Amino acid sequence: MKAMKNGGRIWDPVSECLGREELELLQFTRLRDTLERVWRSVPCYQQKFRQAGIVPQDVRSLADLSRLPFTTKEDLRLNYPYGMFAVPLREVVRIHSSSGTTGKPTVVGYNRQDLQTWTELVARFMTAAGVTEDDIVHIAFGYGLFTGAFGLHYGAERIGASVIPMSSGNTDKQIMIMQDYRSTVLVSTPSYALTLADRMEKMGIGPESLSLKVGLFGAEPWSEEMRRELETRLGIVATDNFGLSEVMGPGVAGECLYKGGMHLFEDHFIPEIIDPDTGEVLPPGSVGELVITSITKEAFPVVRYRTRDITRLDYTPCSCGRTFVRMAKTMGRTDDMLIIKGVNVFPTQIEEILFQVEGCEPHYLLVVDREGAMDVLEVQVEVNEAIFFDEMKKQRAFVDLLEKRLFSTLGVGARVKLVEPSSMPRHEGKAQRVIDRRKL
Ligand code: ADP
Ligand code: ZN
């Protein structure tokens with residue numbers, strides 16, 4: 001086991017610490033193989049390449065990647081369900097789909113080799129977050145078509161940890177099992193971890209009566225303030241990991257214990273940051289839309305897939321020794337970005353502000369509407385009992401304070417509405433935090 005040799009801290013030290021030059025050589029070889037593969041086997045890519053007047057042989061360096069056309073969710077939908085597969089179904093051993101957060105789900109497939117790669121990559125980020133064979137990993141992602149649960153499940157087994165395939169829902173039972181089975185690692189969405197923390201508080205169960213040490217959270221955007229909240233309330237180190245079914249599932253990128261961005265596994269995926277409006281590749285360090293090309297996937301390769309996730313890539317060295325680029329916590333997807341009076345607003349920015357104000361509970365909902373020709377953003381936030389039942393004057397002052405903070409950070413006004421403690425829906429999977437009445 002490679003992990004043992006290195007004190008269990010880096011799962012695959014050879015690959016994860018490759019020098020840039022070596023890495024780029026490997027990426028180029030793998031990229032060319034992938035392009036040949038999709039050119040041969042996927043009509044959609046063949047057609048796209050033809051339209052762009054390019055054949056795989058024209059790609060002579062990594063820089064040539066930018067000459068290739070993008071692949072979008074729409075392409076996958078047009079080829080629903082199996083049209084983008086690069087191997088016959090006979091070779092496919094697993095089928096998953098996206099959660100369908102933003103429309104009709106897309107279908108993806110894995111052959112045996114793909115499943116093995118996926119397992120290795122999840123083992124990498126779990127190890128980076130400090131998980132070892134001594135851990136008891138409690139998986140509270142829903143098992144099913146969603147890639148989260150199965151991805152983490154096999155990665156944890158690969159490490160040699162004991163896996164509890166709890167699945168989502170049934171919050172009281174989750175807490176009982178975490179207590180009784182002494183789970184040390186919690187795998188869930190950050191919003192469900194919050195639901196668990198809330199429920200524990202109501203039941204009078206403190207973090208000290210659990211054995212949790214680490215949280216592996218992902219599948220939705222969450223702020224640094226949310227991290228602090230979860231770390232204190234659950235008594236854990238909370239780490240972020242990123243993935244999407246179209247590219248593989250979880251295991252595309254994950255944080256090490258320095259928590260300075262998620263190492264993106266560049267020996268398997270090539271990331272680019274583009275301007276979402278023009279499609280132009282942006283210089284290193286810019287904020288923009290993440291585009292990913294898979295370079296080892298066999299059944300379902302993607303070339304320049306537009307994730308719609310907004311982030312930034314940091315190529316400076318990380319103290320952990322891994323050389324892979326680090327992707328910043330995403331601000332959210334372009335689909336979730338609200339345009340209020342022409343100003344771009346991400347829910348995570350609002351989350352960050354709300355969580356900084358004493359008295360706000362970490363539960364909120366954004367409602368956007370149009371009054372006449374004007375966009376109106378209402379921020380509904382739960383507050384603690386002291387504030388909710390306070391005299392009108394004090395409550396008004398609290399609302400004013402929140403509205404001022406929101407305005408100064410977002411650059412656009414929002415109305416704040418305080419709602420009663422515990423009145424907002426709690427989430428089991430991915431949180432839905434925006435209602436856009438303009439689109440209804
Ligand atoms: P869907 O697109 O239907 O939600 P997936 O389950 O494949 O389907 O979800 C992938 C998406 O989830 C990503 O594109 C991203 O928007 C979001 N996501 C996953 N992990 C993270 C994370 N750590 N931080 C922010 N967003 C994430
Ligand atoms: Zn690191």
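What you see below is based on every heavy atom in this structure, not just the backbone, and it leaves out hydrogens, waters and symmetry mates. Just so it is clear, the structure is predicted and the values come from calculations on it, not from any experiment. Whatever order the structure lists ligands and atoms in, that order sets their numbers, starting from 1.
Scanning Ser97, Gly254, Pro190, Ala219 for the heavy atom closest to atom 17 (C) of ligand 1 points to Ala219. Closest heavy-atom approach to atom 14 (O) of ligand 1 within the set Leu290, Thr334, Leu216, Asp309: this belongs to Asp309. Selection from Met327, Lys430, Arg333 by nearest heavy atom to atom 9 (O) of ligand 1 gives Lys430.
Contacts of Asn241 with ligand 1, taken as heavy-atom pairs under 4.0 Å, involve the backbone alone. Looking at Lys73 against ligand 1, only its side chain comes within 4.0 Å, counting heavy atoms.
By the 4.5 Å heavy-atom criterion applied to side chains, Leu23 and Thr323 are not counted as neighbours.
The angle His263:NE2 - the Zn ion (ligand 2) - Cys318:SG amounts to 110°, with values rounded to 10 degrees. To the nearest 10 degrees, the Zn ion (ligand 2) sees SG of Cys256 and SG of Cys320 at an angle of 120°.
Ligand 1 places these atoms under 4.0 Å from at least one heavy atom of Leu244: 7 (O), 10 (C), 13 (C), 14 (O). Near Asp240, meaning under 4.0 Å from any of its heavy atoms, are these atoms of ligand 1: 22 (C), 23 (N). Atoms of ligand 1 found under 4.0 Å from any heavy atom of Gly243, numbered from 1 in the order shown, are 10 (C), 13 (C), 19 (C), 20 (N). Near Ser245, meaning under 4.0 Å from any of its heavy atoms, are these atoms of ligand 1: 7 (O). For ligand 1, the atoms sitting less than 4.0 Å from at least one non-hydrogen atom of Phe146 are 6 (O), numbered in the order shown with element in parentheses. Near Gly218, meaning under 4.0 Å from one of its heavy atoms, ligand 1 places the atoms 23 (N).
A cation-pi arrangement is absent between Arg228 and Phe355 under the rule of less than 6.0 angstrom and at most 45 degrees off the ring axis.
Residues Asp335 and Arg308 are paired through a salt bridge, judged by an N-O separation under 4.0 Å between the basic side chain and the carboxylate. Between Asp436 and Arg438 a salt bridge is recorded (basic side-chain N to carboxylate O distance below 4.0 Å). Residues Arg426 and Glu382 are paired through a salt bridge, judged by an N-O separation under 4.0 Å between the basic side chain and the carboxylate. A salt bridge links Lys73 with Glu246; the closest basic N to acidic carboxylate O contact falls under 4.0 Å. A salt bridge between Arg433 and Asp336 is absent, with no side-chain N of the basic residue lying under 4.0 Å from a carboxylate O of the acidic one.
Of the polar atoms of Thr307, none of the N or O atoms is found under 3.5 Å from an N or O of ligand 1, judged by distance alone. Between Glu220 and ligand 1, at least one pair of N/O atoms sits closer than 3.5 Å.
Scanning both residues, Phe269 and Ser294, for their nearest heavy atoms gives CD2-CA, 4.0 Å.
For the ligand labelled ligand 1, residue Lys329 lies outside the 4.0 Å heavy-atom shell.
Listed by first then second residue, pairs satisfying ring-ring contact (aromatic ring centres under 6.0 Å, His included) with a partner in residues 315-337 number zero, not counting sequence neighbours.
Ring planes of Tyr45 and Phe49: tilted class, angle from 30 to 60°.
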